[in-house]
Novice: 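Please read through the structure below; I'll follow up with questions.
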Amino acid sequence: MSRGKNLKDTIAKNGLAHVMAAHSPLSACLAEEAGFDGLWASGFELSALYGVPDMSLTTMTQHLDMVRAMADRSTLPIVADIDTGFGNALNVIHAIQQYERAGASAVVIEDKSFPKVTSLVADGRQELVRIEEFQGKVEAALATRADPDFLIIARTEALIAGLGEQEALTRAAAYEAAGADMILIHSKQKDPGEVESFVRAWSGKVPIVIVPTAYPEMNEERIRKLGKIAMVIYGNHAIRASVTAMKDVFARIRRDGGIQNVNSDIVSVEEIFRLQGMEMAKAEEKRFLR
Ligand code: SPV
Ligand code: MG
């Protein structure tokens, strides 16, 4: 079964796919063990991992390599965040070929201009491409995918850019007309009202994807009640959780003058061995090393 089919099946069965951000094979494994339905190969998380802003500074190759590495270590479907598609519709064609071969199940492509600015930053320069131009990108993606279950998710940044609900609905309808499998609506309002209003007004046939980072009260119970939403992406919780944990442990080691106190509060070295697949490596040594 293709990984794209897995994602579609999860949605058909459960109504809602729970997708966790990942920025490394290790975070992908942890998301899988926690029971998520898919991985979000987040551009924001990868940029943070490299210590640079999420402003089209990391390259497609860097992101693609990470998608490949995650696909090698996790069986979960990967929703690849391909930002603007790395250029125009021709760049999108190249990207879709590459990401599908790399083992992704879906891509999210957004209607911002390249180079983009991350969505949640205050006073970010948010410029959108023309609707027709973005329809061309969506059509290029659809014409390129080899597997019909490889999902093309069109993301409109109209609310992020402050253009209002009507523009967001117009764009979403135009992207559905171009063939998008789902519409991702993003918002940076601190309460869910903006997205809820969009979802209620949405009369399209394709389902909606949300990334509720800015409005965390939008929990899964509320999402299900609202309806029309088929996927929730927890956009940056892997990198934020890692930073929280590292800050805390590093500070304690400095304060305590050693590792004697933190030792029992962090996972054991054996747990890392387990996550690395050490047991299998030892069995292979036994079997094949002569
Ligand atoms: C990402 O995780 O890279 C996203 C979501 O695109 S956001 O950062 O909220 O725009
Ligand atoms: Mg992104």
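Both ligands and their constituent atoms are indexed starting at 1 by order of listing.
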Novice: Tell me, do Leu16 and Ile223 make a side-chain contact under 4.5 Å, heavy atoms counted?
Specialist: yes
Novice: Side chains of Thr84 and Glu110: do they bring a donor and an acceptor to under 3.5 Å?
Specialist: no
Novice: Does anything in residues 78-97 form a salt bridge (Lys or Arg N to Asp or Glu O under 4.0 Å)? List the pairs, not counting sequence neighbours.
Specialist: Asp83-Lys116
Novice: Could you identify the N, O or S atom of Asp81 positioned closest to the Mg ion (ligand 2)?
Specialist: OD2
Novice: Could you check whether any side-chain N or O of Asn91 sits under 3.5 Å from a backbone N or O of Phe86, counting only pairs where one atom can act as donor and the other as acceptor?
Specialist: yes
Novice: Within the structure provided, determine whether Tyr99 and Ile78 are in side-chain contact (heavy-atom separation under 4.5 Å).
Specialist: no
Novice: Is Arg125 salt-bridged to Glu127, going by a charged N under 4.0 Å from an acidic O?
Specialist: yes
Novice: Salt bridge check: are Arg171 and Asp111 linked by an N-O gap of less than 4.0 Å?
Specialist: yes
Novice: Distance under 4.0 Å, heavy atoms only, partner ligand 1: which residues pass?
Specialist: Trp40, Ser42, Gly43, Phe44, Asp54, Asp81, Ser119, Leu120, Arg155, His186, Gly235
Novice: With a cut-off of 2.8 Å, does Asp83 put an N/O/S atom close enough to the Mg ion (ligand 2)?
Specialist: no
